[in-house]
Amino acid sequence: MATILLFTVLILILVDIFLAYEVPTHVAYILLTVIIVLTLDGGPVHKILLGGLLWFGFLVFHYLVWRRLIEKIHDKIIAPQRHTGGIEGLIGKSGIVKEIGGTKFILVNEELYEFENTGNKDIITGNTYKIVNTSSNKLII
């Protein structure tokens, strides 16, 4: 009986790894708690208290360790994708150069950003330029 339950726990955890559903893992934690509590000697009150503590420990482990581990596995192995945020997410997009108070900015996604020109070309207000990189807090065009 315990072997079948342990095999079920393993399958539920694998479902969580590949499909990223939390419910199967929580069911696996409950089954693991039941298996551990049933194999121990003691009275019913001790088993209930120990079961509650074990289950709480599994939940703490789940949210502090397991979720982060699964996210890393998904991002690096199963479905790799690059998470970009801030101005790094603007690389490859185009923007229009605007001049405000004598200072030139580039307008991308309805927001103004400072930029640097690394090329030998003159930057003309109103023209569209492509963002090729970032440096510090400035876009490189």
Side-chain angles (χ1 to χ4, degrees), residues 1-121 123-141:
M1 175 77 174
T3 308
I4 294 171
L5 288 176
L6 285 173
F7 186 69
T8 305
V9 166
L10 179 66
I11 290 173
L12 290 171
I13 290 173
L14 287 174
V15 166
D16 184 29
I17 290 173
F18 290 106
L19 300 179
Y21 297 136
E22 288 194 20
V23 174
T25 307
H26 288 292
V27 172
Y29 293 150
I30 293 169
L31 289 175
L32 271 175
T33 302
V34 168
I35 292 169
I36 293 170
V37 168
L38 289 178
T39 58
L40 296 176
D41 293 330
V45 174
H46 289 97
K47 287 184 177 185
I48 290 171
L49 288 174
L50 182 63
L53 287 173
L54 277 171
W55 186 61
F56 180 74
F58 283 135
L59 290 179
V60 169
F61 167 77
H62 179 80
Y63 288 108
L64 294 180
V65 178
W66 185 253
R67 281 286 93 198
R68 292 180 184 154
L69 179 67
I70 294 299
E71 286 173 5
K72 286 181 183 178
I73 290 171
H74 277 247
D75 288 347
K76 301 234 188 263
I77 299 170
I78 296 175
Q81 66 185 37
R82 184 172 175 214
H83 296 285
T84 56
I87 63 172
E88 287 83 18
L90 299 175
I91 296 173
K93 294 188 178 184
S94 296
I96 300 171
V97 173
K98 301 281 185 181
E99 188 170 340
I100 299 174
T103 306
K104 290 184 179 182
F105 295 93
I106 189 162
L107 179 69
V108 183
N109 296 336
E110 304 298 322
E111 292 187 38
L112 293 171
Y113 296 94
E114 293 182 35
F115 67 90
E116 291 180 6
N117 179 14
T118 59
N120 294 330
K121 58 189 173 205
I123 302 297
I124 301 170
T125 303
N127 284 0
T128 302
Y129 296 93
K130 186 174 182 179
I131 293 127
V132 294
N133 206 349
T134 62
S135 173
S136 205
N137 283 331
K138 293 184 179 180
L139 300 175
I140 308 295
I141 60 172

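This chain uses plain numbering: 1 for the first residue, then up along the sequence. Keep in mind that the numbers below use all heavy atoms, side chains included, and drop hydrogens, waters and symmetry copies. Every value quoted in this text rests on a predicted model; they were computed, and no experiment measured them.
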Please work out whether the ring planes of Trp66 and Phe61 are parallel, tilted or perpendicular, with thresholds of 30° and 60°. tilted
Closest non-hydrogen contact found for Tyr113 with Val108 is CE1-O, 3.7 Å
In this structure, CD1 of Ile96 is separated from CG of Leu112 (nearest 0.5 Å) by 11.0 Å
Side-chain contact, heavy-atom cut-off 4.5 Å: Tyr129 with Ile124? yes
One pair to check against side-chain contact (heavy atoms from CB on, under 4.5 Å): Phe115 and Ile131. What are the steps and the verdict? CA-CA 9 Å; Phe115 67 90; Ile131 293 127; over 6 Å; no
Please check if the side chain of Tyr29 supplies one atom and the backbone of Gly57 the other of a donor-acceptor pair under 3.5 Å. no
Apply side-chain contact (heavy atoms from CB on, under 4.5 Å) to Trp55 and Val37, showing your working. CA-CA 11 Å; Trp55 186 61; Val37 168; over 6 Å; no
State, yes or no, whether a side-chain contact exists between Leu31 and Leu12 at a heavy-atom distance under 4.5 Å. yes
When rounded to the nearest 0.5 angstrom, what is the spacing between OG1 in Thr33 and NZ in Lys47? 14.0 Å
Measure the shortest side-chain to side-chain distance between Leu49 and Leu53 over non-hydrogen atoms and say whether it is less than 4.5 angstrom. no
Once you round to the nearest 0.5 Å, how far does CD of Glu71 lie from CZ of Arg67? 7.0 Å
Value rounded to 0.5 Å, distance of CD1 in Ile35 from CD1 in Ile30: 12.0 Å
Does Leu6 form a side-chain contact (heavy atoms from CB on, under 4.5 Å) with Leu32? I'd like the steps, not just the answer. CA-CA 7 Å; Leu6 285 173; Leu32 271 175; 4.1 Å; yes
Side-chain contact test, heavy atoms from C-beta onward, threshold under 4.5 Å: evaluate it for Val132 versus Ile140 and give yes or no. yes
dist Ile141:CD1 -> Ile106:CD1 (nearest 0.5 Å) comes out at 4.5 Å
Does Leu69, at its CG atom, have more than 12 non-hydrogen atoms belonging to other residues, nucleotides or ligands within less than 6.0 Å? yes
So CG of Leu59 and CG of Leu64: to nearest 0.5 Å the spacing works out to 10.5 Å
Answer yes or no: is there a side-chain heavy-atom contact under 4.5 Å between Asn133 and Glu116? no
Taking Lys104 for its side chain and Ile123 for its backbone only, find out whether a donor-acceptor pair lies under 3.5 Å. yes
Output, in order, the C-alpha distance, side-chain angles, deciding distance and verdict of side-chain contact (heavy atoms from CB on, under 4.5 Å) for Glu22 and Tyr63. CA-CA 10 Å; Glu22 288 194 20; Tyr63 288 108; 3.1 Å; yes
For the student: nearest non-hydrogen atoms of Thr103 and Phe105, plus distance: O-CD1, 3.5 Å
